[in-house]
Each structure stands twice: as structure tokens, then as C-alpha cells.
Amino acid sequence: MGLCSSCFNGSSGSEELVTPSAEERRQLQIEAAERRRQENEARGIKDVEKVRRQQMLQEKKDNQQGAMGEPVLKWQSG
């Protein structure tokens with residue numbers, strides 16, 4: 001039936017898998033998590049910088065209203 005006997009041999013010396021050290025794996029995982037976080041933040045938003053500027057302006061307005069002694073009410077959808 002023609003079985004491929006080379007498939008059942010142990011790993012040959014020239015084709016060993018190199019695994020990164022624990023510290024390298026941690027660093028790669030941190031970088032991947034940061035990329036996913038950034039992608040999720042930008043999902044559905046065409047201009048991310050514009051949204052950030054609008055958020056900063058809104059925070060400034062909220063802080064100014066709070067400094068005047070008026071109660072600050074925030075609407076949060078959830």
C-alpha cells in the first residue's frame with residue numbers, strides 16, 4: 001500500500017523547531033494584545049483622531065461645568 005516511512009521518523013537534526021523563550025513569548029503576547037485593543041477601538045470609526053478630539057473637548061466642557069458648581073449629569077448608554 002505504500003506507506004511513507006519518513007513520516008514516522010523522529011525529527012531530523014536540520015528541521016528542529018525553535019521556540020522563543022518565555023520572556024520573548026510574553027513580549028509577543030503583549031504586542032498582539034495591544035494591536036487587538038487598537039483594532040477594536042477603531043472598529044467602525046473612519047477618523048479615529050477626530051473622535052479623540054471630540055472626546056477631549058467634551059471632557060473639557062464637563063470639567064468647566066463642574067467647576068462652576070453646577071451638577072454634571074452624564075448620559076451613559078449601556
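None of the values given here were measured: they were computed from a predicted structure.
- Salt bridge status for E39 with R36: absent, with no side-chain N to carboxylate O gap under 4.0 Å.
- Rounded to the nearest 0.5 Å, atoms CD (E23) and CG (L28) are 10.0 Å apart.
- Atoms CD and CD, from Q27 and Q29 in turn, are 10.0 Å apart once rounded to the nearest 0.5 Å.
- Remark: N63 CG to K61 NZ distance equals 12.5 Å, nearest 0.5 Å.
- The salt bridge (charged side-chain N to carboxylate O under 4.0 Å, His left out) search around E31 returns none, not counting sequence neighbours.
- Shown here are the salt bridge (charged side-chain N to carboxylate O under 4.0 Å, His left out) partners of R37, two or more places apart in sequence or in another chain: E34, E41.
- Taking the salt bridge (charged side-chain N to carboxylate O under 4.0 Å, His left out) definition, one finds that R53 meets it with nothing, sequence neighbours left out.
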